[in-house]
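Report on the following structure.
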Amino acid sequence: MKNLFQILPEDFFKPLCSKYKKEYVDCIGLIFHTFKSEISYGVDREVVLAVLEEYFTSMTQDMILDDNEVLQDARSKANGVIKGLKDAGWLEYEPGENHSIQV
């Protein structure tokens, strides 16, 4: 029998242990609810980006990522979270024109 850490990517829990763990958890919930309303397992990346961008509109402080990249506006924060979740193995991009996101 395989254990959990043989299945999950090495950095899977990294977003939940980061300085912005609250934001990541909120964003994971928002993404989940976005997927819940869809029939397929993918959602257009722009739809997810718009939902996260709306979330970050009220967040006035900058986000500073591990690589010291400073994210100031809502769109860059939303893109940063999507990238962080993708890098950790939470999301995948579906090949194609619309680059939909899959969980």
Side-chain angles (χ1 to χ4, degrees):
M1 178 202 276
K2 290 185 177 184
N3 76 37
L4 183 65
F5 297 102
Q6 291 174 312
I7 300 167
L8 294 176
E10 184 74 27
D11 291 334
F12 189 77
F13 293 105
K14 188 175 180 180
L16 304 179
C17 299
S18 74
K19 178 179 177 182
Y20 301 105
K21 61 185 166 242
K22 181 203 173 303
E23 288 79 7
Y24 274 106
V25 168
D26 290 347
C27 290
I28 290 168
L30 290 168
I31 292 169
F32 173 76
H33 287 294
T34 303
F35 275 78
K36 200 168 140 179
S37 65
E38 294 292 322
I39 296 172
S40 70
Y41 291 102
V43 176
D44 186 78
R45 186 179 186 285
E46 285 299 318
V47 171
V48 173
L49 190 59
V51 169
L52 297 184
E53 192 173 353
E54 183 179 328
Y55 167 78
F56 283 113
T57 300
S58 63
M59 183 181 177
T60 57
Q61 71 270 17
D62 293 346
M63 288 179 73
I64 303 171
L65 302 181
D66 291 340
D67 61 358
N68 292 326
E69 180 182 2
V70 179
L71 307 177
Q72 296 176 329
D73 62 274
R75 188 164 184 89
S76 65
K77 291 172 189 172
N79 273 313
V81 166
I82 290 172
K83 181 183 180 318
L85 291 173
K86 181 184 179 302
D87 291 349
W90 286 81
L91 304 174
E92 293 179 358
Y93 293 149
E94 185 178 279
E97 288 182 25
N98 64 356
H99 302 289
S100 66
I101 295 177
Q102 296 181 325
V103 179

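Throughout, residue positions are numbered sequentially from 1 according to the sequence presented. Since the model is a prediction, treat every value here as computed from it, not as a measurement.
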Please indicate whether Gln61 has more than 12 foreign heavy atoms, meaning atoms of other residues, nucleotides or ligands, lying under 6.0 Å from its CD.
yes
Salt-bridge test for [X] and [Y]: reply yes if a basic N is under 4.0 Å from a carboxylate O, no otherwise.
{"X": "Lys22", "Y": "Asp26", "answer": "yes"}
{"X": "Asp66", "Y": "Lys14", "answer": "yes"}
{"X": "Glu69", "Y": "Lys77", "answer": "no"}

For the residue pair Tyr24 and Pro15, what are the closest heavy atoms and their distance?
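Distance-wise, the nearest heavy atoms are CD1-O, 3.5 Å.
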Compare every heavy atom of Met63 with every heavy atom of Val81, then report the nearest pair and how far apart it is.
CG2-CE, 4.3 Å
Pair Asn79-Ser76, side chain to side chain donor-acceptor pair (under 3.5 Å): steps then yes or no
CA-CA 5 Å; Asn79 273 313; Ser76 65; over 6 Å; no
Any heavy-atom pair between the side chains of [Y] and [X] that's under 4.5 Å?
{"X": "Leu65", "Y": "Leu71", "answer": "yes"}
{"X": "Val25", "Y": "Leu16", "answer": "yes"}
{"X": "Leu30", "Y": "Phe35", "answer": "no"}
{"X": "Ile31", "Y": "Leu85", "answer": "yes"}
{"X": "Glu92", "Y": "Lys86", "answer": "no"}
{"X": "Glu23", "Y": "Phe56", "answer": "yes"}

Checking the side chain of Gln6 only, and the main-chain atoms of Asn3 only, is there a donor and an acceptor separated by less than 3.5 Å?
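It does hold such a pair.
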Say whether Ile7 and Phe12 are linked into one hydrophobic cluster, either directly or through other cluster members, by side-chain heavy-atom distances under 4.5 angstrom.
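Each belongs to a different hydrophobic cluster.
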Say you draw a straight line from [atom1] of [X] to [atom2] of [Y]; how long is it, rounded to the nearest 0.5 Å?
{"X": "Ile28", "Y": "Leu52", "atom1": "CD1", "atom2": "CG", "value": "10.5 Å"}
{"X": "Thr34", "Y": "Asp44", "atom1": "OG1", "atom2": "CG", "value": "11.5 Å"}
{"X": "Leu8", "Y": "Trp90", "atom1": "CG", "atom2": "CH2", "value": "8.5 Å"}
{"X": "Asp11", "Y": "Cys17", "atom1": "CG", "atom2": "SG", "value": "10.0 Å"}

Can you list the steps and then say if Arg75 with Glu46 is a salt bridge (charged side-chain N to carboxylate O under 4.0 Å, His left out)?
CA-CA 11 Å; Arg75 188 164 184 89; Glu46 285 299 318; 3.2 Å; yes
